[in-house]
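First comes the structure, then the notes that go with it.
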Amino acid sequence: MSPNARPKNDTFLRALMREPVEYTPVWLMRQAGRYLPEYNETRRRAGSFLQLCKNPRLACEVTLQPLARFELDAAILFSDILTVPDAMGLGLYFAEGEGPKFERPLREEWAIRDLTAPDPNVHLRYVMDAVAEIRRALHGSVPLIGFSGSPWTLACYMVEGGSGAATDYRTVKTMVYDRPDLMHHILAVTARAVTDYLNAQIESGAQAVMIFDSWGGALSHAAYREFSLDYMQRIVAGLKRSHDGERVPCIVFTKGGGQWIDAIAGIGCDAVGLDWTSDLGEARRRVGDRVALQGNLDPMALFASPDKVAAEARRVLDSYAADPADARKSGGHVFNLGHGISQFTPPDNVKILVDTVHSHSRRGSARD
């Protein structure tokens, strides 16, 4: 098979493009991670999380680990959203027990004015090498997803200086209200960087891309469109939507963004990701046939008993369509969690989840 051919299992891609599927495809945000013992062993060999991200061979190894355990319908590049600001010269490091930090956060006007978009094929070459290596290792089995953080989410880390962005967003939001000109400069440069970064991933072999707007839900209603959505729209408009004769779908996910689903669906993406606070059926009614939907099991449901995990999976599937056969015929749903999987999740429950999604969404074929 040509390395650029559509994968043997293309259910994920067809669902994103709202084509008929035999069952609902499933993959999990952060599916290669600390809940897997084999991942922890590889990370130990790498020496640190950042060294793991920057080693294409090991990044490929951990990307494939969950696919060896579970019948997932897509692989997602193992990397981190903060590789982009690191390539911008902010000095990313990980403090033990404290999460990501930057040596040079954007606090001074001169530093903000000096910010430039990096060349992804130079400053992020290790990511492109990992994408190419993963594509080769997949042997055309399932699609590979590339990704980036949204400009707003990246700006939160870049201005706050680290994962303090997940608290009250005081520093970055002060800039939004007090110096919107500086914030818009950061976002404009970062949007260019993200567009270039995702396009480089597509050229290296990514068959779909996703924009993670993890902190968009922290913005006010008016500020969300101005400081997050508008910049994601710029990125979507600048993406390569096909490569080597194959369509490359784009997913946009704003955590806490269910109230803005109509607006997100209008920016030109192929699919909208939803967290667990939204009802899939209602979301489907709102967006109609404009976009596919991805989601949206609460990651904490995976800590329940096996029968409850299966029941929650069935509930999410049934919420998308009253008749599961209708969901299959129309496509348009990719099963996922409402955010990343917890490091404490029992792997056996993940297998139950994946198997239930496949078996329950296939049910009703006799009624087709």
Partners passing ring pair (Phe, Tyr, Trp, His ring centres under 6.0 Å) against Tyr126 (at least two apart in sequence or in another chain): none

Contacts of Tyr35 that satisfy ring pair (Phe, Tyr, Trp, His ring centres under 6.0 Å) - sequence neighbours left out: none

Inter- and intrachain pairs under side chain to side chain donor-acceptor pair (under 3.5 Å), touching residues 185-197, at least two apart: Thr83-Tyr197

Listed partners of Asp275 passing side-chain hydrogen bond (donor to acceptor under 3.5 Å, both in side chains), at least two apart: Thr277

Short side-chain to backbone donor-acceptor contact, Asp80 and Cys53, under 3.5 Å: no

Sequence-distant partners of Phe102, ring pair (Phe, Tyr, Trp, His ring centres under 6.0 Å), two or more places apart: none

Ser228 side chain vs Arg225 backbone, donor-acceptor pair below 3.5 Å: no

Gln259 atom CD: more than 12 heavy-atom contacts under 6.0 Å: yes

Separation between CG of Leu28 and CG of Leu337, rounded to the nearest 0.5 Å: 4.5 Å

Val84 with Val122, same ILVMFWY side-chain cluster at under 4.5 Å: no

Stepwise salt bridge (Lys or Arg N to Asp or Glu O under 4.0 Å) test for Asp318 and Arg314: CA-CA 6 Å; Asp318 292 346; Arg314 292 191 294 267; over 6 Å; no

Arg113, CZ atom: more than 12 neighbouring heavy atoms under 6.0 Å: yes

Side chain Thr153, main chain Ser150, donor-acceptor under 3.5 Å: no

Euclidean distance, Asp270 CG relative to Met17 CE, rounded to 0.5 Å: 8.0 Å

Shortest non-hydrogen contact from Pro118 toward Met88: CD-CG, 3.8 Å

Side chains of residues 61-69: which donor-acceptor partners sit under 3.5 Å, not counting sequence neighbours?
residue: Glu61; atom: OE1; partner: Arg45; partner atom: NH2; Å: 3.3
residue: Glu61; atom: OE2; partner: Thr42; partner atom: OG1; Å: 2.8
residue: Glu61; atom: OE2; partner: Arg45; partner atom: NH2; Å: 2.3
residue: Thr63; atom: OG1; partner: Ala59; partner atom: O; Å: 2.7
residue: Thr63; atom: OG1; partner: Phe78; partner atom: N; Å: 3.1
residue: Gln65; atom: OE1; partner: Tyr39; partner atom: N; Å: 3.2
residue: Gln65; atom: NE2; partner: Glu38; partner atom: O; Å: 3.3
residue: Gln65; atom: NE2; partner: Thr42; partner atom: OG1; Å: 2.9
residue: Arg69; atom: NE; partner: Glu38; partner atom: OE1; Å: 3.4
residue: Arg69; atom: NE; partner: Glu38; partner atom: OE2; Å: 2.7
residue: Arg69; atom: NH2; partner: Glu38; partner atom: OE1; Å: 3.1

Test side chain to side chain contact (heavy atoms under 4.5 Å, CB included) applied to Arg285 - qualifying residues, sequence neighbours left out: Asp279, Glu282

Donor-acceptor under 3.5 Å (His333 side chain, Gly295 main chain): yes

Asn9 side-chain N/O to Ser141 backbone N/O, donor-acceptor pair under 3.5 Å: no

Contacts of type ring pair (Phe, Tyr, Trp, His ring centres under 6.0 Å), residue His184, not counting sequence neighbours: Phe227, Tyr231

Side chain to side chain donor-acceptor pair (under 3.5 Å) evaluation trace for Trp215 with Tyr157: CA-CA 10 Å; Trp215 305 128; Tyr157 288 100; 3.3 Å; yes

Taking every non-hydrogen atom, the tightest pair across Arg6 and Asp10: CD-OD2, 2.9 Å

ILVMFWY clustering at 4.5 Å (side-chain atoms), partners of Phe303: Met300, Phe344

side-chain hydrogen bond (donor to acceptor under 3.5 Å, both in side chains) against Arg104, all qualifying residues, sequence neighbours excluded: none

With sequence neighbours excluded, residues passing side-chain hydrogen bond (donor to acceptor under 3.5 Å, both in side chains) with Asp307: Ser305

Check: Lys173 side chain, Ala218 main-chain N or O, donor-acceptor pair, under 3.5 Å: yes

Hphob cluster co-occupancy, Phe49 + Met29, side-chain heavy atoms under 4.5 angstrom: yes

With His358 via side-chain hydrogen bond (donor to acceptor under 3.5 Å, both in side chains) - residues at least two apart: Asp73

Shared hydrophobic cluster for Trp276 and Leu297 (ILVMFWY, side-chain gaps under 4.5 Å): no

